[in-house]
Chemist: 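What follows is a single structure, and I will ask about it in a moment.
Below, chain A is the first sequence line, B the second, and so on; all start at residue 1. Computation of the quantities below employed the complete heavy-atom set of this structure, encompassing side-chain atoms and omitting hydrogens, waters and symmetry-equivalent molecules. Given the structure is predicted, the values throughout are model-derived calculations rather than measurements.
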2 protein chains.
Amino acid sequence: MPPTPPPEPALADARAPRLTHERIVAGALALIDEEGLAALTMRRLAERLGVQAASLYNHTRSKEKLLDAVANSVMEGVDTSGFDRLPWREALDRWAWSYYDALVAHPNLVPHLAVAFGRLPAALERAAQVFAGLRRAGWTPSRATRVAAAVRYAVYGAALGSFAGGFGDEAAKVPALHDVGQLRAQPARVDRAALRLLIDRFLDGLEAIAPAPE
Amino acid sequence: MPPTPPPEPALADARAPRLTHERIVAGALALIDEEGLAALTMRRLAERLGVQAASLYNHTRSKEKLLDAVANSVMEGVDTSGFDRLPWREALDRWAWSYYDALVAHPNLVPHLAVAFGRLPAALERAAQVFAGLRRAGWTPSRATRVAAAVRYAVYGAALGSFAGGFGDEAAKVPALHDVGQLRAQPARVDRAALRLLIDRFLDGLEAIAPAPE
DNA sequence: GTCTATAGCTGGATAGAC
DNA sequence: GTCTATCCAGCTATAGAC
(Lines give C-alpha, C1' and ligand atoms only; values in the text may rest on other atoms or scores of the structure.)
Protein backbone atom coordinates (compact mmCIF):
# COMPACT_ATOMS: atom_id res chain seq x y z
CA MET A 1 0.00 0.00 0.00
CA PRO A 2 1.23 3.51 -0.73
CA PRO A 3 1.89 5.66 2.34
CA THR A 4 -1.19 7.57 3.40
CA PRO A 5 -0.89 11.25 2.65
CA PRO A 6 -1.39 13.64 5.54
CA PRO A 7 -5.07 14.44 6.09
CA GLU A 8 -6.22 17.35 3.96
CA PRO A 9 -9.17 19.01 5.70
CA ALA A 10 -11.78 20.35 3.34
CA LEU A 11 -12.17 23.42 5.50
CA ALA A 12 -9.47 25.17 7.49
CA ASP A 13 -8.55 23.01 10.43
CA ALA A 14 -9.16 24.98 13.60
CA ARG A 15 -6.40 23.02 15.31
CA ALA A 16 -3.83 23.71 12.63
CA PRO A 17 -1.26 26.24 13.84
CA ARG A 18 -2.19 29.70 12.70
CA LEU A 19 1.17 31.05 13.63
CA THR A 20 4.62 30.18 12.39
CA HIS A 21 7.89 31.89 13.03
CA GLU A 22 7.97 33.03 9.42
CA ARG A 23 4.51 34.57 9.54
CA ILE A 24 5.35 36.39 12.75
CA VAL A 25 8.58 37.82 11.34
CA ALA A 26 6.86 38.88 8.12
CA GLY A 27 4.01 40.49 10.04
CA ALA A 28 6.39 42.38 12.29
CA LEU A 29 8.31 43.71 9.30
CA ALA A 30 5.10 44.85 7.60
CA LEU A 31 3.98 46.61 10.76
CA ILE A 32 7.32 48.39 11.09
CA ASP A 33 7.22 49.44 7.45
CA GLU A 34 3.72 50.82 7.70
CA GLU A 35 3.80 52.54 11.07
CA GLY A 36 7.34 52.69 12.35
CA LEU A 37 9.50 50.86 14.82
CA ALA A 38 7.58 52.15 17.84
CA ALA A 39 4.36 50.68 16.46
CA LEU A 40 5.72 47.18 16.83
CA THR A 41 4.15 45.90 20.04
CA MET A 42 3.19 42.35 20.79
CA ARG A 43 -0.46 43.36 21.02
CA ARG A 44 -0.56 45.14 17.70
CA LEU A 45 1.35 42.38 15.98
CA ALA A 46 -1.03 39.77 17.37
CA GLU A 47 -4.02 41.80 16.23
CA ARG A 48 -2.63 41.96 12.71
CA LEU A 49 -2.13 38.18 12.69
CA GLY A 50 -5.58 37.46 14.08
CA VAL A 51 -4.49 36.02 17.42
CA GLN A 52 -3.95 37.14 20.99
CA ALA A 53 -0.64 38.54 22.13
CA ALA A 54 0.07 35.64 24.47
CA SER A 55 0.07 33.20 21.56
CA LEU A 56 3.13 34.84 20.06
CA TYR A 57 5.19 33.59 22.96
CA ASN A 58 4.74 30.02 21.77
CA HIS A 59 6.91 30.91 18.77
CA THR A 60 9.27 33.62 19.89
CA ARG A 61 11.02 34.01 23.20
CA SER A 62 10.86 37.78 23.52
CA LYS A 63 10.25 40.92 21.55
CA GLU A 64 13.96 41.57 21.48
CA LYS A 65 14.72 38.24 19.82
CA LEU A 66 11.90 38.80 17.39
CA LEU A 67 13.28 42.15 16.34
CA ASP A 68 16.68 40.64 15.66
CA ALA A 69 15.04 37.90 13.60
CA VAL A 70 13.31 40.59 11.55
CA ALA A 71 16.59 42.41 11.05
CA ASN A 72 18.35 39.22 10.07
CA SER A 73 15.69 38.44 7.48
CA VAL A 74 16.31 41.80 5.82
CA MET A 75 20.04 41.20 5.77
CA GLU A 76 19.48 37.92 3.99
CA GLY A 77 18.35 39.94 0.98
CA VAL A 78 21.80 41.45 0.52
CA ASP A 79 23.76 39.90 -2.34
CA THR A 80 27.51 39.44 -2.06
CA SER A 81 27.84 36.83 -4.77
CA GLY A 82 29.67 39.28 -7.03
CA PHE A 83 32.83 38.76 -5.01
CA ASP A 84 33.03 35.20 -6.34
CA ARG A 85 33.07 36.11 -9.99
CA LEU A 86 33.60 39.81 -10.69
CA PRO A 87 36.52 42.25 -10.45
CA TRP A 88 36.57 44.06 -7.11
CA ARG A 89 35.12 47.28 -8.42
CA GLU A 90 32.06 45.65 -9.95
CA ALA A 91 31.64 43.40 -6.94
CA LEU A 92 31.65 46.38 -4.58
CA ASP A 93 29.19 48.23 -6.76
CA ARG A 94 26.74 45.34 -6.89
CA TRP A 95 27.02 44.70 -3.18
CA ALA A 96 26.43 48.38 -2.39
CA TRP A 97 23.28 48.67 -4.46
CA SER A 98 21.87 45.39 -3.29
CA TYR A 99 22.49 46.55 0.27
CA TYR A 100 20.90 49.93 -0.39
CA ASP A 101 17.83 48.36 -1.97
CA ALA A 102 17.40 46.10 1.04
CA LEU A 103 17.66 48.96 3.52
CA VAL A 104 15.63 51.54 1.67
CA ALA A 105 12.74 49.09 1.37
CA HIS A 106 12.50 49.23 5.18
CA PRO A 107 13.69 52.68 6.22
CA ASN A 108 12.11 52.50 9.67
CA LEU A 109 14.28 49.52 10.50
CA VAL A 110 17.59 51.06 9.47
CA PRO A 111 18.57 52.38 12.92
CA HIS A 112 18.00 48.96 14.44
CA LEU A 113 19.87 47.25 11.61
CA ALA A 114 22.87 49.42 12.30
CA VAL A 115 22.83 48.72 16.02
CA ALA A 116 22.16 45.00 15.66
CA PHE A 117 24.73 44.51 12.89
CA GLY A 118 27.34 42.84 15.07
CA ARG A 119 24.97 40.10 16.31
CA LEU A 120 23.14 39.23 13.07
CA PRO A 121 24.44 36.01 11.51
CA ALA A 122 23.45 37.08 8.00
CA ALA A 123 25.27 40.39 8.37
CA LEU A 124 28.44 38.79 9.69
CA GLU A 125 28.48 36.14 6.97
CA ARG A 126 28.23 38.81 4.32
CA ALA A 127 30.89 40.96 5.92
CA ALA A 128 33.24 37.98 5.88
CA GLN A 129 32.51 37.33 2.20
CA VAL A 130 33.24 40.92 1.27
CA PHE A 131 36.46 40.90 3.23
CA ALA A 132 37.58 37.61 1.67
CA GLY A 133 36.79 38.86 -1.81
CA LEU A 134 38.84 42.01 -1.35
CA ARG A 135 41.73 40.00 0.04
CA ARG A 136 41.67 37.73 -3.02
CA ALA A 137 41.80 40.84 -5.18
CA GLY A 138 45.04 41.79 -3.52
CA TRP A 139 43.97 44.37 -0.95
CA THR A 140 45.83 44.27 2.35
CA PRO A 141 43.80 43.28 5.43
CA SER A 142 43.60 46.78 6.84
CA ARG A 143 42.80 48.31 3.46
CA ALA A 144 40.13 45.69 2.84
CA THR A 145 38.52 46.47 6.20
CA ARG A 146 38.45 50.17 5.46
CA VAL A 147 37.14 49.81 1.94
CA ALA A 148 34.30 47.55 3.08
CA ALA A 149 33.47 49.85 5.98
CA ALA A 150 33.50 52.90 3.71
CA VAL A 151 30.97 51.34 1.34
CA ARG A 152 28.84 50.26 4.26
CA TYR A 153 28.87 53.80 5.66
CA ALA A 154 27.77 55.22 2.32
CA VAL A 155 24.87 52.79 2.12
CA TYR A 156 23.68 53.30 5.69
CA GLY A 157 24.00 57.04 5.44
CA ALA A 158 21.98 57.17 2.26
CA ALA A 159 19.28 54.93 3.68
CA LEU A 160 19.10 56.85 6.94
CA GLY A 161 19.74 60.46 5.99
CA SER A 162 17.46 60.28 3.05
CA PHE A 163 15.76 63.33 1.61
CA ALA A 164 12.76 61.05 1.33
CA GLY A 165 12.37 61.61 5.05
CA GLY A 166 10.90 64.97 4.16
CA PHE A 167 11.15 68.52 5.40
CA GLY A 168 9.21 70.44 7.97
CA ASP A 169 7.64 73.84 7.60
CA GLU A 170 10.88 75.44 8.73
CA ALA A 171 12.43 74.37 5.44
CA ALA A 172 10.36 76.99 3.67
CA LYS A 173 12.59 79.61 5.31
CA VAL A 174 15.58 78.24 3.43
CA PRO A 175 14.67 78.99 -0.16
CA ALA A 176 17.99 77.79 -1.53
CA LEU A 177 17.05 74.24 -0.68
CA HIS A 178 13.80 74.38 -2.51
CA ASP A 179 14.84 75.78 -5.82
CA VAL A 180 16.85 72.66 -6.37
CA GLY A 181 14.67 71.09 -8.95
CA GLN A 182 13.56 67.63 -8.04
CA LEU A 183 14.29 67.73 -4.35
CA ARG A 184 10.68 68.24 -3.43
CA ALA A 185 9.13 66.43 -6.35
CA GLN A 186 11.14 63.22 -6.37
CA PRO A 187 13.27 62.95 -3.27
CA ALA A 188 13.90 59.23 -3.79
CA ARG A 189 15.50 60.01 -7.15
CA VAL A 190 17.76 62.60 -5.60
CA ASP A 191 18.78 60.10 -2.93
CA ARG A 192 19.75 57.51 -5.51
CA ALA A 193 21.63 60.05 -7.61
CA ALA A 194 23.59 61.28 -4.60
CA LEU A 195 24.51 57.76 -3.58
CA ARG A 196 25.52 56.97 -7.14
CA LEU A 197 27.81 59.99 -7.10
CA LEU A 198 29.31 59.02 -3.76
CA ILE A 199 29.96 55.41 -4.73
CA ASP A 200 31.16 56.05 -8.27
CA ARG A 201 33.56 58.84 -7.36
CA PHE A 202 34.80 56.87 -4.36
CA LEU A 203 35.52 53.86 -6.55
CA ASP A 204 37.25 56.14 -9.05
CA GLY A 205 39.44 57.41 -6.25
CA LEU A 206 40.14 53.86 -5.09
CA GLU A 207 41.40 52.79 -8.50
CA ALA A 208 44.36 55.10 -8.03
CA ILE A 209 45.52 53.15 -4.98
CA ALA A 210 44.34 49.68 -6.02
CA PRO A 211 46.66 46.68 -5.83
CA ALA A 212 48.17 45.68 -9.16
CA PRO A 213 46.04 43.01 -10.88
CA GLU A 214 47.63 39.54 -10.98
CA MET B 1 21.83 107.84 44.81
CA PRO B 2 23.19 105.01 42.67
CA PRO B 3 20.61 102.49 41.49
CA THR B 4 20.21 99.64 43.92
CA PRO B 5 21.74 96.44 42.63
CA PRO B 6 19.48 93.40 42.49
CA PRO B 7 19.39 91.61 45.83
CA GLU B 8 22.19 89.10 46.12
CA PRO B 9 21.11 86.45 48.60
CA ALA B 10 23.93 85.15 50.73
CA LEU B 11 22.54 81.63 50.40
CA ALA B 12 20.84 80.09 47.41
CA ASP B 13 17.45 81.69 46.96
CA ALA B 14 14.83 79.00 47.25
CA ARG B 15 12.56 81.02 44.99
CA ALA B 16 15.12 81.36 42.21
CA PRO B 17 14.21 79.15 39.26
CA ARG B 18 16.12 75.91 39.42
CA LEU B 19 15.23 75.01 35.87
CA THR B 20 15.98 76.76 32.63
CA HIS B 21 15.47 75.58 29.10
CA GLU B 22 19.22 75.31 28.67
CA ARG B 23 19.71 73.18 31.76
CA ILE B 24 16.90 70.87 30.68
CA VAL B 25 18.33 70.42 27.19
CA ALA B 26 21.81 69.80 28.53
CA GLY B 27 20.52 67.30 31.07
CA ALA B 28 18.54 65.44 28.45
CA LEU B 29 21.57 65.18 26.19
CA ALA B 30 23.74 63.88 29.03
CA LEU B 31 21.12 61.28 29.89
CA ILE B 32 20.90 60.14 26.27
CA ASP B 33 24.67 59.92 26.02
CA GLU B 34 24.99 57.89 29.18
CA GLU B 35 22.07 55.51 28.87
CA GLY B 36 20.58 55.74 25.42
CA LEU B 37 17.60 57.35 23.78
CA ALA B 38 15.11 55.08 25.51
CA ALA B 39 16.38 56.18 28.91
CA LEU B 40 15.15 59.72 28.31
CA THR B 41 11.90 59.92 30.25
CA MET B 42 10.49 62.95 31.89
CA ARG B 43 10.75 61.28 35.27
CA ARG B 44 14.38 60.28 34.92
CA LEU B 45 15.33 63.66 33.52
CA ALA B 46 13.61 65.40 36.43
CA GLU B 47 15.40 63.17 38.91
CA ARG B 48 18.75 64.06 37.37
CA LEU B 49 17.91 67.76 37.63
CA GLY B 50 16.70 67.50 41.21
CA VAL B 51 13.05 68.35 40.55
CA GLN B 52 9.74 66.60 39.97
CA ALA B 53 8.67 65.62 36.47
CA ALA B 54 5.73 68.00 36.43
CA SER B 55 8.06 70.97 36.81
CA LEU B 56 9.62 70.31 33.43
CA TYR B 57 6.37 71.21 31.76
CA ASN B 58 6.80 74.82 32.87
CA HIS B 59 9.73 75.05 30.45
CA THR B 60 9.01 72.63 27.65
CA ARG B 61 5.75 71.83 25.98
CA SER B 62 6.26 68.12 25.41
CA LYS B 63 8.90 65.45 25.31
CA GLU B 64 8.82 65.56 21.53
CA LYS B 65 9.66 69.26 21.41
CA LEU B 66 12.38 68.74 23.97
CA LEU B 67 13.99 66.04 21.89
CA ASP B 68 14.08 68.28 18.85
CA ALA B 69 15.63 71.04 20.95
CA VAL B 70 18.34 68.61 22.02
CA ALA B 71 18.95 67.60 18.42
CA ASN B 72 19.11 71.21 17.32
CA SER B 73 21.68 72.02 20.00
CA VAL B 74 23.94 69.27 18.65
CA MET B 75 23.58 70.59 15.09
CA GLU B 76 24.70 74.02 16.28
CA GLY B 77 28.12 72.51 16.86
CA VAL B 78 28.61 71.82 13.15
CA ASP B 79 30.94 74.30 11.47
CA THR B 80 30.28 75.41 7.91
CA SER B 81 32.38 78.57 8.02
CA GLY B 82 34.93 77.06 5.64
CA PHE B 83 32.61 77.74 2.73
CA ASP B 84 33.16 81.47 3.21
CA ARG B 85 36.92 81.39 2.86
CA LEU B 86 38.31 78.12 1.53
CA PRO B 87 38.32 76.28 -1.82
CA TRP B 88 35.43 73.86 -2.13
CA ARG B 89 37.47 70.77 -1.42
CA GLU B 90 38.89 72.04 1.85
CA ALA B 91 35.54 73.48 2.85
CA LEU B 92 33.82 70.13 2.29
CA ASP B 93 36.52 68.34 4.21
CA ARG B 94 36.28 70.64 7.24
CA TRP B 95 32.51 70.51 7.23
CA ALA B 96 32.52 66.72 7.07
CA TRP B 97 34.87 66.27 10.01
CA SER B 98 33.17 68.89 12.11
CA TYR B 99 29.87 67.13 11.40
CA TYR B 100 31.32 63.73 12.24
CA ASP B 101 32.79 64.96 15.50
CA ALA B 102 29.44 66.41 16.51
CA LEU B 103 27.58 63.19 15.75
CA VAL B 104 30.07 60.73 17.13
CA ALA B 105 30.10 62.60 20.44
CA HIS B 106 26.43 61.59 20.78
CA PRO B 107 26.01 58.28 18.95
CA ASN B 108 22.75 57.41 20.68
CA LEU B 109 21.15 60.50 19.20
CA VAL B 110 22.20 59.89 15.59
CA PRO B 111 19.03 58.08 14.48
CA HIS B 112 16.90 60.90 15.81
CA LEU B 113 19.15 63.53 14.24
CA ALA B 114 18.69 61.89 10.87
CA VAL B 115 14.91 61.71 11.18
CA ALA B 116 14.54 65.23 12.59
CA PHE B 117 16.95 66.82 10.09
CA GLY B 118 14.27 68.46 7.97
CA ARG B 119 12.70 70.32 10.89
CA LEU B 120 15.81 71.50 12.75
CA PRO B 121 16.57 75.17 12.10
CA ALA B 122 20.30 74.72 12.74
CA ALA B 123 20.47 71.83 10.28
CA LEU B 124 18.60 73.71 7.57
CA GLU B 125 20.72 76.83 7.98
CA ARG B 126 23.87 74.81 7.57
CA ALA B 127 22.53 72.93 4.58
CA ALA B 128 21.79 76.25 2.92
CA GLN B 129 25.30 77.53 3.62
CA VAL B 130 26.88 74.43 2.13
CA PHE B 131 24.70 74.69 -0.95
CA ALA B 132 25.47 78.37 -1.41
CA GLY B 133 29.18 77.74 -1.03
CA LEU B 134 29.21 75.04 -3.67
CA ARG B 135 27.22 77.24 -6.02
CA ARG B 136 29.74 80.04 -5.61
CA ALA B 137 32.48 77.56 -6.48
CA GLY B 138 30.78 76.94 -9.79
CA TRP B 139 28.88 73.72 -9.19
CA THR B 140 25.49 73.50 -10.83
CA PRO B 141 22.45 73.37 -8.53
CA SER B 142 21.79 69.69 -9.02
CA ARG B 143 25.45 68.77 -8.67
CA ALA B 144 25.75 70.89 -5.54
CA THR B 145 22.77 69.12 -4.02
CA ARG B 146 24.24 65.71 -4.75
CA VAL B 147 27.71 66.55 -3.53
CA ALA B 148 26.38 67.93 -0.25
CA ALA B 149 24.08 64.94 0.19
CA ALA B 150 26.89 62.51 -0.55
CA VAL B 151 29.10 63.98 2.15
CA ARG B 152 26.21 63.99 4.58
CA TYR B 153 25.56 60.31 3.87
CA ALA B 154 29.18 59.43 4.50
CA VAL B 155 29.13 61.23 7.84
CA TYR B 156 25.85 59.75 9.04
CA GLY B 157 26.79 56.28 7.94
CA ALA B 158 30.12 56.44 9.74
CA ALA B 159 28.49 57.75 12.92
CA LEU B 160 25.70 55.17 12.81
CA GLY B 161 27.24 52.03 11.38
CA SER B 162 30.30 52.38 13.49
CA PHE B 163 32.46 49.44 14.46
CA ALA B 164 32.53 51.09 17.87
CA GLY B 165 29.04 49.66 18.28
CA GLY B 166 30.69 46.34 18.93
CA PHE B 167 30.13 42.74 17.97
CA GLY B 168 28.16 39.96 19.58
CA ASP B 169 29.33 36.47 20.36
CA GLU B 170 28.25 35.36 16.92
CA ALA B 171 31.11 37.38 15.48
CA ALA B 172 33.55 34.83 16.87
CA LYS B 173 32.28 32.43 14.21
CA VAL B 174 33.59 34.74 11.49
CA PRO B 175 37.32 34.58 12.09
CA ALA B 176 38.15 36.67 9.06
CA LEU B 177 36.72 39.72 10.78
CA HIS B 178 38.79 39.34 13.87
CA ASP B 179 42.22 38.90 12.46
CA VAL B 180 42.00 42.39 11.13
CA GLY B 181 44.40 44.01 13.48
CA GLN B 182 42.93 46.92 15.31
CA LEU B 183 39.28 46.17 14.73
CA ARG B 184 38.77 44.79 18.20
CA ALA B 185 41.42 46.81 19.96
CA GLN B 186 40.64 50.30 18.70
CA PRO B 187 37.36 50.35 16.82
CA ALA B 188 37.09 54.13 16.96
CA ARG B 189 40.40 54.44 15.08
CA VAL B 190 39.18 52.06 12.39
CA ASP B 191 36.01 54.10 12.04
CA ARG B 192 37.94 57.32 11.54
CA ALA B 193 40.34 55.69 9.10
CA ALA B 194 37.47 54.27 7.04
CA LEU B 195 35.70 57.61 6.93
CA ARG B 196 38.94 59.33 5.96
CA LEU B 197 39.32 56.87 3.10
CA LEU B 198 35.74 57.41 1.97
CA ILE B 199 35.91 61.18 2.05
CA ASP B 200 39.41 61.55 0.60
CA ARG B 201 38.86 59.15 -2.30
CA PHE B 202 35.45 60.65 -2.98
CA LEU B 203 36.94 64.14 -3.13
CA ASP B 204 39.68 62.82 -5.41
CA GLY B 205 37.02 61.46 -7.71
CA LEU B 206 35.12 64.74 -7.59
CA GLU B 207 38.13 66.75 -8.75
CA ALA B 208 37.89 65.02 -12.10
CA ILE B 209 34.43 66.47 -12.72
CA ALA B 210 34.85 69.77 -10.86
CA PRO B 211 33.88 73.06 -12.47
CA ALA B 212 36.81 74.99 -13.87
CA PRO B 213 38.12 77.52 -11.33
CA GLU B 214 37.39 81.15 -12.18
C1' DG C 1 -1.31 26.02 20.20
C1' DT C 2 -4.47 29.41 21.40
C1' DC C 3 -7.25 31.35 24.67
C1' DT C 4 -8.74 34.50 28.92
C1' DA C 5 -7.14 36.98 32.63
C1' DT C 6 -3.97 39.50 34.87
C1' DA C 7 0.32 40.67 37.28
C1' DG C 8 3.46 44.26 37.52
C1' DC C 9 5.40 48.17 35.50
C1' DT C 10 6.37 52.49 33.25
C1' DG C 11 5.19 56.14 30.57
C1' DG C 12 3.33 61.34 29.23
C1' DA C 13 0.77 64.76 30.82
C1' DT C 14 -2.58 67.63 33.80
C1' DA C 15 -4.97 69.89 38.10
C1' DG C 16 -4.61 72.59 41.73
C1' DA C 17 -2.25 73.76 46.26
C1' DC C 18 1.51 76.55 47.92
C1' DG D 1 7.94 77.89 39.42
C1' DT D 2 7.73 73.81 41.97
C1' DC D 3 5.21 70.74 44.45
C1' DT D 4 1.88 66.52 45.47
C1' DA D 5 -1.40 63.65 43.66
C1' DT D 6 -3.36 61.44 40.06
C1' DC D 7 -5.40 60.05 35.53
C1' DC D 8 -5.17 57.07 31.95
C1' DA D 9 -2.88 54.67 28.68
C1' DG D 10 0.25 51.40 27.11
C1' DC D 11 3.66 47.77 27.53
C1' DT D 12 6.04 42.73 28.18
C1' DA D 13 5.37 38.59 29.89
C1' DT D 14 3.26 34.69 32.60
C1' DA D 15 -0.36 31.28 34.58
C1' DG D 16 -3.51 28.10 33.75
C1' DA D 17 -7.92 26.61 31.32
C1' DC D 18 -9.37 24.36 27.11
Chemist: Choosing from dT14(C), dG11(C), dC3(C), which nucleotide comes nearest the side chain of Thr41(B)?
Modeler: dG11(C)

Chemist: Expressed in angstrom and rounded to an integer, what is the separation of Met42(B) atom CE from dG12(C) atom P?
Modeler: 7 Å

Chemist: Between Glu76(A) and Arg126(A), does at least one N-O distance fall below 4.0 Å, as a salt bridge requires?
Modeler: no

Chemist: Could you check whether Arg146(B) makes a cation-pi contact with Trp139(B), meaning its NZ or CZ is under 6.0 Å from the centre of the six-membered ring and within 45° of the ring axis?
Modeler: no

Chemist: Write down the distance between CD (Gln52(B)) and P (dT6(D)), rounded to a whole number of angstrom.
Modeler: 14 Å

Chemist: So if I take every side-chain heavy atom of Tyr57(A) and compare against dC3(C), dA13(D), dG12(C), which nucleotide ends up nearest?
Modeler: dA13(D)

Chemist: In whole angstrom, what separates Leu67(B)'s CG from dG12(C)'s P?
Modeler: 11 Å

Chemist: Starting from P on dG1(D), measure out to CZ on Arg61(B) and report it in whole angstrom.
Modeler: 13 Å

Chemist: For the residue pair Tyr99(B) and Trp95(B), does the interplanar ring angle fall in the parallel (under 30°), tilted (30 to 60°) or perpendicular (over 60°) class?
Modeler: tilted

Chemist: Send over the distance from Arg44(B) CZ to dG12(C) P, rounded to a whole Å.
Modeler: 11 Å

Chemist: To the nearest Å, how far apart are Leu37(B) CG and dG11(C) C1'?
Modeler: 15 Å

Chemist: Roughly how many Å is it from NE2 in His59(A) to C1' in dG1(C), rounded to a whole number?
Modeler: 6 Å

Chemist: Is any side-chain N or O of Arg18(B) closer than 4.0 Å to OP1 or OP2 of dC3(D)?
Modeler: yes

Chemist: In terms of the nearest nucleotide of DNA chain C, which residue is placed more toward the 5' end: Arg43(B) or Leu56(A)?
Modeler: Leu56(A)

Chemist: Closer than 4.0 angstrom, basic N to acidic O: yes or no for Glu34(B) and Arg48(B)?
Modeler: yes

Chemist: Cationic tip of Arg152(A) within the cone over Phe163(B)'s six-membered ring, i.e. under 6.0 Å and within 45° of the normal?
Modeler: yes

Chemist: Is there a side-chain contact between Ser55(A) and the phosphate of dG1(C), meaning an N or O under 4.0 Å from OP1 or OP2?
Modeler: no

Chemist: Whole-Å distance between dA13(D) P and Leu45(A) CG?
Modeler: 13 Å

Chemist: Side chain of Lys63(B): nearest nucleotide among dT14(D), dA13(C), dC3(D)?
Modeler: dA13(C)

Chemist: Just compare dC3(D), dT14(C), dA13(D) and give me whichever is closest to any side-chain atom of Val51(B).
Modeler: dC3(D)

